[in-house]
Amino acid sequence: MARDAKKLKPVKEFKPITRSDELPLDAERLRFMHETMVKARCLEERLIAMYKSGHGYFWIGGPGEEAFNVPLGMLIKKGQGPAFDFCHFHYRQSATLLAMGEEPLGAIRQMKNTSTDPYSGGRNFAGHFSKKAWNIVPVSSPIEVQYSMVIGTAMAQKRLGGDAISIVTGGDAGTAEGDFATCLVWSSRPNEELPVLIIVTNNTWGISTPYDQVQGVERISDRGVPFGMRTKTIDGNDPISAYLELKEAFEYVRTERKPYLVEARVSRLYGHSSASGANFSTVEADCLSLFEERLDKHGVRAKAEAKRLREKYAEAYAELARQAKEEPFPDGATIWDHVYAGEPGKDPLAD
Amino acid sequence: MARDAKKLKPVKEFKPITRSDELPLDAERLRFMHETMVKARCLEERLIAMYKSGHGYFWIGGPGEEAFNVPLGMLIKKGQGPAFDFCHFHYRQSATLLAMGEEPLGAIRQMKNTSTDPYSGGRNFAGHFSKKAWNIVPVSSPIEVQYSMVIGTAMAQKRLGGDAISIVTGGDAGTAEGDFATCLVWSSRPNEELPVLIIVTNNTWGISTPYDQVQGVERISDRGVPFGMRTKTIDGNDPISAYLELKEAFEYVRTERKPYLVEARVSRLYGHSSASGANFSTVEADCLSLFEERLDKHGVRAKAEAKRLREKYAEAYAELARQAKEEPFPDGATIWDHVYAGEPGKDPLAD
Amino acid sequence: MANMAQAIRMALHYAEENLGVTDIFGEDVGAPLGGVFTCTQGLKTAWNSPLDERGIIGAAMGLAMAGARPVAEIQFCDYVYNTIDLLKLAGNTLWASNGQWNLPMVVMTPVGSGIRGSIYHSHSFDATMTHIPGWKTVMPSTPLDAYGLMLSACKEQNPVMFLIPKALMRVRGEELIPGEPGDDKQLSKLIDAPLGDRSKWTPQWPELADAAIPLGKAKVVREGRQLTVVSYGRTLPLAKKAADTLAGEGLDAEVIDLRTLWPYDWEAIVASVKKTGRVLFLNEDTEVTNFGEHLARRVTEKLFYHLLAPPKVLAGKFVPGIGLADTLEAASVPQQGDVEQAMRALAVMQP
Amino acid sequence: MANMAQAIRMALHYAEENLGVTDIFGEDVGAPLGGVFTCTQGLKTAWNSPLDERGIIGAAMGLAMAGARPVAEIQFCDYVYNTIDLLKLAGNTLWASNGQWNLPMVVMTPVGSGIRGSIYHSHSFDATMTHIPGWKTVMPSTPLDAYGLMLSACKEQNPVMFLIPKALMRVRGEELIPGEPGDDKQLSKLIDAPLGDRSKWTPQWPELADAAIPLGKAKVVREGRQLTVVSYGRTLPLAKKAADTLAGEGLDAEVIDLRTLWPYDWEAIVASVKKTGRVLFLNEDTEVTNFGEHLARRVTEKLFYHLLAPPKVLAGKFVPGIGLADTLEAASVPQQGDVEQAMRALAVMQP
Ligand SMILES: Cc1ncc(C[n+]2csc(CCOP(=O)(O)OP(=O)(O)O)c2C)c(N)n1
Ligand SMILES: Cc1ncc(C[n+]2csc(CCOP(=O)(O)OP(=O)(O)O)c2C)c(N)n1
Ligand SMILES: [Mg+2]
Ligand SMILES: [Mg+2]
């Protein structure tokens with residue numbers, strides 16, 4: 001018999017669990033969260049300023065996603081190898097790295113494509129992190145391929161046992177690529193389910209194209225349902241809610257060793273990238289301002305203090321940018337380095 | 001809040017709608033159905049015999065799927081151009097072509113790779129049909145790509161209006177490819193839904209690999225649910241049920257101009273292909289024998305008559321094979337023909 | 001004069017109005033953006049696709065099968081590499097069906113370095129594409145050629161790959177496109193979308209004329225007697241400028257713009273090499289298994305005893321990517337100085 | 001002696017036991033089939049993947065990132081073309097991360113014509129693969145080389161593409177693999193799975209030894225003074241046989257088995273061409289933008305004044321596919337007679 005699809009809950013209807021008056025996290029954690037969000041925002045704004053003043057060719061990053069990306073970073077078990085979490089990120093994840101404890105200078109150097117850029121040595125765009133010591137695999141420009149690679153690291157972790165998991169992030173538009181389905185298929189093989197936290201940050205845009213103009217899935221998290229996996233759509237603009245929701249998801253994946261598909265609704269505060277101007281959007285919710293309102297109201301952190309923090313980091317990162325500007329670009333001859341591991345770089349056709 | 005996926009109905013539990021005693025179709029239609037199933041079975045068995053006696057290098061085809069493929073062919077609106085149905089088939093569809101009225105000689109010629117092969121001129125494998133006059137687009141060996149191409153023909157039909165639709169078929173294992181998801185995404189774009197009948201014939205095998213060893217989706221048709229499309233899983237071993245179920249699906253797609261995902265459970269009676277021996281399986285249900293039992297019981301067609309038909313077509317196709325064996329192979333120089341439409345074939349590097 | 005983006009836009013407008021083009025689509029190709037390089041602004045049949053290159057190529061194939069005339073865009077050629085199977089299929093469908101199904105479709109995509117695109121917005125696609133049979137491949141180096149070649153592409157009965165050198169996208173032409181107003185500002189006012197709200201904007205198309213340039217015809221950009229340079233795309237203007245510079249040194253070089261890479265103008269190459277005896281094949285794709293190597297091999301095989309020096313290939317270094325820092329890009333793909341140096345070296349080479 | 005399928009199987013067994021190989025996987029690679037060519041029968045780490053080439057390559061990349069040592073199979077190279085973006089990514093990950101993430105992974109896949117594979121089981125992959133930086137690519141022509149190269153591939157720190165010439169898969173070697181029993185029947189009894197029920201079967205592995213063949217080293221298969229043939233894979237035995245035949249005509253040809261396509265043994269080519277002055281590059285991939293053209297170009301550029309005749313490339317015709325009928329296949333890819341004729345023509349060529 002034919003089944004008409006049940007009408008799915010529209011994306012906008014999900015209920016954030018902690019818009020209420022109580023703040024269910026301790027003040028210290030809230031302050032850390034807030035300060036890290038401020039750092040992330042200031043860092044991205046510095047990168048944008050660098051782009052606008054000609055110190056970098058292209059900017060892309062995550063301002064507007066801090067309320068989701070900071071809690072994400074707080075929950076990651078960082079370290080090297082399969083006993084630690086693997087991170088398959090896309091290009092909006094600076095706040096997550098800062099929450100994990102990363103220094104901001106690296107992002108600034110990458111923006112300026114200096115040889116000191118710790119992620120790519122001046123080779124790759126801003127926001128394209130890579131840090132082997134923390135299992136942060138290189139961010140790839142091709143959209144969505146990380147959803148195919150994550151199954152490999154998760155397999156190694158499943159086999160090892162323990163509680164380490166693989167985390168993958170990407171955008172809403174990218175879920176139209178086959179790799180998203182690949183991830184769902186491979187992470188839910190019977191008796192071979194994988195410990196993957198599959199995340200989609202839904203900002204309702206793919207560059208200039210509205211999500212609901214080109215995709216008919218109302219809740220992206222529903223894509224996991226036929227695969228028998230646990231799924232949810234959460235509020236990514238509320239750091240407290242995001243933290244608690246992510247915590248539940250992390251715990252499930254760590255202990256059950258099975259996939260969990262989480263869709264987080266987030267804002268895109270400076271447009272897609274520098275290609276679209278990188279100007280502040282006044283129509284999207286700003287998770288940082290909203291959070292500052294609440295912290296102030298609850299006496300966790302006064303507005304003035306929040307403002308001071310913003311100024312402090314803005315100035316600190318301007319200083320780092322000045323420092324990076326003095327650093328050298330990579331030498332042209334280095335293009336031959338690291339073509340192959342364990343071999344000196346050289347032009348194979350020079351003889 | 002987390003949602004655990006609802007336990008999906010196991011594949012084996014679907015209720016065939018017409019295993020009952022009444023036969024809800026008129027006798028003439030039932031006899032046509034049966035005779036076409038017989039023709040299809042005899043044709044495939046002839047192709048296998050040709051392979052086994054060295055008259056062809058490779059066999060692949062659809063014996064075991066006749067109960068589904070014949071009704072499918074009966075419901076297709078055949079003709080050329082977007083005002084008629086487009087057929088994006090895989091390599092098990094001979095019964096559908098016969099039901100549409102195709103002569104069996106072409107399949108035999110393709111098996112023998114003679115220059116008279118009407119589908120590919122001796123270029124392609126058995127079962128790789130192509131018939132422009134009936135919108136049967138070339139069967140491609142790469143699995144699942146037809147699910148990406150079908151969106152294009154359906155778009156043209158949507159724009160044209162009328163009731164013509166695009167039909168795509170493929171196997172269960174192939175749904176792991178991203179193209180299957182591509183089809184779901186593109187056929188369900190809001191306000192741009194496409195008139196596609198998306199069919200998966202689930203024989204529970206991909207060559208030697210059991211479906212449930214590598215995929216965790218219990219009902220493949222459920223993959224359509226998040227996309228808001230109509231879906232069902234049906235019994236492809238019962239031609240009466242298949243006919244009625246398909247009829248409902250065809251009517252929906254024709255009139256609503258929206259996609260419908262149908263999963264049909266079918267048997268694989270001679271293994272995957274000649275590569276796996278092409279021997280008759282005694283453990284799979286044989287839809288033709290089962291149907292003959294019922295027709296006999298209901299007095300629609302006696303067993304003896306069914307047997308006679310089998311003998312008749314077996315002999316007729318043996319004769320066609322003898323004929324094809326006398327036909328020439330394509331000339332080597334013809335490799336240059338049809339590289340480009342409208343241009344004489346020649347080696348571009350010969351000068 | 002129009003730049004290449006405007007020229008392509010005008011050609012597509014002409015093709016929509018006069019050549020039966022029905023669909024111009026791809027990621028961000030429709031309103032409001034009209035393509036990341038503005039090539040499709042204001043076109044009446046332009047629409048935004050899901051973020052799925054496989055769907056884009058598949059849809060184009062299906063549309064072509066159904067009698068529509070699609071022009072599909074891959075946003076950057078760097079993102080075409082998950083569709084090579086489909087491109088191969090599009091190129092063999094006519095052949096595999098022994099002449100039944102030709103696919104009149106155009107795929108256009110920006111290629112090459114020169115906009116600081118880093119690893120994933122700098123790829124070349126000419127080597128990979130010229131290895132795929134059944135396609136015609138073009139790559140203009142001027143707006144007028146882009147206009148004329150696009151018209152021919154839209155008239156073709158076979159698939160055409162239209163490669164757009166990114167570095168030349170904003171360079172104004174030196175020749176008027178027939179119908180184009182003489183004044184750049186006026187042209188911009190007519191056909192460039194305004195910044196800000198575009199919802200009420202419609203372009204004012206000039207009265208354009210058919211100025212189709214036949215596929216397969218090269219253009220001798222500069223006549224010369226001592227040395228031939230065969231190039232296309234971004235490196236063509238480098239060759240032209242180098243020839244002008246070297247003329248001052250008493251070296252008289254001929255420069256050929258191949259324009260169509262496949263099928264290419266062999267006669268033009270033969271005529272020139274017979275005259276000069278020295279030839280440089282210049283492009284920026286990586287140099288191992290490079291299309292310039294094909295040209296060099298054919299010249300060597302066929303014109304060996306006319307050669308005064310070995311044919312030389314100057315192309316991109318065989319590195320995994322083009323790094324973001326200027327120093328890296330300059331070391332990776334031919335620059336003005338490299339071209340001059342190669343020409344000088346070739347000119348003086350003696351046994 | 002072992003055939004190539006058995007040799008690969010033994011090498012993989014050795015690699016599982018001694019070289020840390022953790023996963024051998026792909027479509028139908030695990031029990032019961034052990035690969036469509038039996039290359040993976042009885043291996044303890046072999047498993048069946050979903051039918052999804054993108055997942056297979058993605059999983060291999062992830063496994064390699066997590067410290068595992070995967071050997072992934074693409075069932076036929078004809079089906080690898082939807083993963084070219086991933087192969088490129090695997091080849092640039094180390095470089096893009098400035099030396100952080102090397103990917104020790106092997107991909108193996110059967111290539112080429114010779115088994116009447118028709119359009120989609122006859123593809124070559126050497127041209128496409130040698131254009132992808134960051135990989136090493138091998139292609140053996142004997143079982144012993146297959147064994148030795150596979151061991152080296154499994155020791156590599158970088159991605160290795162292992163191309164298996166289908167036509168040679170069942171040809172027995174002339175040299176013993178160290179540890180292999182001298183008697184073929186005995187070997188088969190030890191390591192070939194029985195027909196029928198295999199659920200209780202386990203292989204009896206011989207005591208194998210490390211006989212790794214370093215990557216990048218060619219083998220002079222036949223010494224000669226008048227003409228050099230450089231080949232690999234299916235066409236290598238054709239060259240050897242042709243040289244033996246032509247020796248009877250007084251033509252003394254040298255035959256080089258390249259074995260590793262990238263990085264290849266340039267010194268071996270130089271030494272031979274300096275000696276003979278005449279060289280034929282022989283392979284069966286389609287001849288436009290072909291790897292043989294790269295070799296020919298380099299030889300022409302570097303050894304021009306040593307050449308007595310133009311380097312010749314003999315490769316597959318530039319047609320969209322290899323047709324099924326013998327006549328078509330014979331006209332499409334080099335056959336014994338074509339090789340002899342090309343060698344003869346090259347030997348007598350005079351200015
Ligand atoms: C395979 C591929 N196709 C196209 C692009 C170009 N591109 C870069 S970002 C982007 C939009 C991505 O949207 P989404 O997935 O929603 O992520 P968001 O940027 O909104 O976070 C596109 C089309 C790409 N990088 N990779
Ligand atoms: C892209 C691709 N990968 C692999 C193959 C090899 N292959 C041919 S049929 C097949 C199994 C298909 O199984 P399924 O989709 O269930 O269809 P069935 O044959 O069972 O009808 C495989 C792996 C192929 N033809 N194309
Ligand atoms: Mg988005
Ligand atoms: Mg199946």
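Labels below follow one simple rule: chain letters A, B, ... track the order of the sequence lines, proteins then strands, and each chain is numbered from 1.
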Selection from E156(D), M65(D), Q100(D), M61(D) maximising heavy-atom pairs under 4.5 Å formed with chain A:
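Top count of heavy-atom pairs under 4.5 Å with chain A: Q100(D).
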Who wins among R298(D), K302(D), Q157(D), E301(D) for the most heavy-atom pairs under 4.5 Å with chain A?
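Top count of heavy-atom pairs under 4.5 Å with chain A: R298(D).
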Pairs flagged by side chain to side chain donor-acceptor pair (under 3.5 Å) wherever residues 85-98 of chain A is involved - sequence neighbours left out
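For residues 85-98 of chain A: E44(A)-S94(A), N69(A)-Q93(A), D85(A)-R254(A), H88(A)-T153(A), R92(A)-H272(A), Q93(A)-T96(A), Q93(A)-T169(A).
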Contacting moiety of [X], where chain A heavy atoms sit under 4.5 Å:
{"X": "P133(D)", "result": "neither"}
{"X": "N82(D)", "result": "neither"}
{"X": "L94(D)", "result": "both"}
{"X": "I56(D)", "result": "both"}
{"X": "D52(D)", "result": "both"}

So, do P140(D) and R259(D) sit near enough that their side-chain heavy atoms are less than 4.5 Å apart?
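No - every pair of side-chain heavy atoms lies 4.5 Å or more apart.
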Side chains of Q80(A) and K132(A): closer than 4.5 Å at any heavy-atom pair?
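Yes. Closest side-chain heavy atoms under 4.5 Å.
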Return each pair, listed once, that meets ring pair (Phe, Tyr, Trp, His ring centres under 6.0 Å) where at least one residue sits in residues 54-93 of chain D; pairs must be two or more places apart or across chains.
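As it turns out, the ring pair (Phe, Tyr, Trp, His ring centres under 6.0 Å) pairs with a partner in residues 54-93 of chain D, which skip direct neighbours, are F37(D)-F76(D), F76(D)-H121(D), Y79(D)-H121(D), Y81(D)-H123(D), Y81(D)-F125(D).
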Within 45° cone and under 6.0 Å: K78(A) NZ/CZ vs W134(A) ring:
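Here K78(A) passes the 6.0 Å and 45° test against W134(A).
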Region of V339(A) in contact with chain D, defined by heavy-atom distances below 4.5 Å:
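It is both, since atoms from each part get that close.
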